[in-house]
Amino acid sequence: EISVVGLQASGKTSFVNILGNGEWSEEVVPTVAFNLRKVRRGNITVKVWDVAGQPKFRSMWARYCRGVGASFFLPRCVDCGQLTSD
Ligand SMILES: Nc1nc2c(ncn2[C@@H]2O[C@H](COP(=O)(O)OP(=O)(O)OP(=O)(O)O)[C@@H](O)[C@H]2O)c(=O)[nH]1
Ligand SMILES: [Mg+2]
């Protein structure tokens, strides 16, 4: 089980889509709350929590990072200052 958190529009959903089906899609919409996606590789299935990055959802990050095997934080470098400012 892994979780992916980071600021809005940092590309988390796009990243998880590529993990899931190898496809790039331009038509991604901002995530509301979270998406749960199951990624299969052979006989292993990994649950991936793709968590929303908009400020109102950030309080949920800790909950989704607890108890998972690994968490990814995708930074969005055009506004790294934003994490501390909001
Ligand atoms: N150029 C470029 N654009 C990207 C990349 N990854 C994502 N995008 C674009 O950035 C926008 C936001 O991507 P999302 O995957 O929705 O971002 P997100 O982190 O899931 O956003 P929230 O769900 O709001 O937290 C989309 O228009 C993507 O097509 C990348 O590696 N390069
Ligand atoms: Mg998203």
Side-chain angles (χ1 to χ4, degrees):
E1 207 167 329
I2 63 176
S3 62
V4 181
V5 298
L7 296 182
Q8 71 272 28
S10 55
K12 298 179 298 299
T13 301
S14 306
F15 171 69
V16 173
N17 283 345
I18 287 174
L19 280 182
N21 56 21
E23 282 173 24
W24 169 260
S25 168
E26 279 294 324
E27 280 107 57
V28 284
V29 293
T31 305
V32 175
F34 69 89
N35 301 310
L36 175 61
R37 185 153 189 148
K38 291 189 177 156
V39 177
R40 288 197 63 160
R41 287 288 184 279
N43 54 5
I44 297 175
T45 302
V46 179
K47 275 205 255 172
V48 182
W49 299 93
D50 167 24
V51 188
Q54 289 172 27
K56 61 185 172 197
F57 298 118
R58 287 182 203 157
S59 58
M60 307 186 348
W61 290 1
R63 206 183 311 155
Y64 287 99
C65 290
R66 208 169 289 140
V68 300
S71 313
F72 282 88
F73 182 78
L74 291 197
R76 184 167 68 139
C77 288
V78 285
D79 54 17
C80 284
Q82 205 182 322
L83 250 193
T84 46
S85 65
D86 62 27

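First listed ligand is number 1; within each ligand, the first listed atom is number 1. The residues of the chain are indexed from 1 along the displayed sequence. These numbers come from a predicted model, not from an experiment.
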task = Give yes if a backbone or side-chain nitrogen or oxygen of Asp50 is under 3.5 Å from a nitrogen or oxygen of ligand 1, and no if not.
result =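 No, there is no polar N/O contact under 3.5 Å.
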Test item: protein heavy atom less than 4.0 Å from [atom]:
atom                    : answer
atom 26 (C) of ligand 1 : yes
atom 14 (P) of ligand 1 : yes
atom 31 (O) of ligand 1 : no

pair [X]-[Y]: side-chain heavy atoms closer than 4.5 Å:
X     : Y     : answer
Val51 : Phe57 : no
Gln8  : Pro55 : yes
Arg37 : Asp50 : no
Val68 : Ile2  : no
Asn35 : Val16 : no
Leu36 : Lys47 : yes

For [X], counting its heavy atoms only, list the atoms of ligand 1 lying under 4.0 Å from any of them.
X     : value
Gly53 : 22 (P), 25 (O)
Lys12 : 15 (O), 17 (O), 18 (P), 19 (O), 20 (O), 21 (O), 22 (P), 25 (O)
Leu7  : 19 (O)

ask   = Which of these, Pro30, Ala9, Ala52, has its nearest heavy atom closest to atom 21 (O) of ligand 1?
value =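 Result: the heavy atom closest to atom 21 (O) of ligand 1 is in Ala9.
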ask   = Which one of Gly6, Gly11, Ser14 has a non-hydrogen atom at the shortest distance from atom 17 (O) of ligand 1?
value =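 That would be Gly11.
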message = Under 2.8 Å from the Mg ion (ligand 2), can any N, O or S atom of Ser14 be found?
response =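 Ser14 does not place any N, O or S atom closer than 2.8 Å to the Mg ion (ligand 2).
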message = Tell me whether the Mg ion (ligand 2) has Thr13 as a neighbour, meaning an N, O or S atom of it below 2.8 Å.
response =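 Yes, Thr13 qualifies, because one of its backbone or side-chain N, O or S atoms lies under 2.8 Å.
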query = Mind checking whether Trp61 and Phe73 have parallel, tilted or perpendicular rings, split at 30° and 60°?
reply =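 Rings of Trp61 and Phe73: perpendicular, over 60°.
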query = Can a non-hydrogen atom of Trp24 be found less than 4.0 Å from any atom of ligand 1?
reply =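 In this structure, Trp24 qualifies as a contact of ligand 1 - some heavy atom is under 4.0 Å.
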key: Linked, directly or transitively: Val39 and Val4 (ILVMFWY side chains, under 4.5 Å)   =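 Cluster IDs for Val39 and Val4 match.
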ask   = To the nearest 0.5 Å, how far apart are CD in Glu1 and SG in Cys65?
value =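 Between Glu1 CD and Cys65 SG, I get 11.0 Å after rounding to 0.5 Å.
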inquiry  = What protein heavy atom lies closest to atom 16 (O) of ligand 1? Include the residue and the distance to one decimal.
reply    =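 Sorting protein heavy atoms by distance from atom 16 (O) of ligand 1 puts Val28 CG2, 3.4 Å first.
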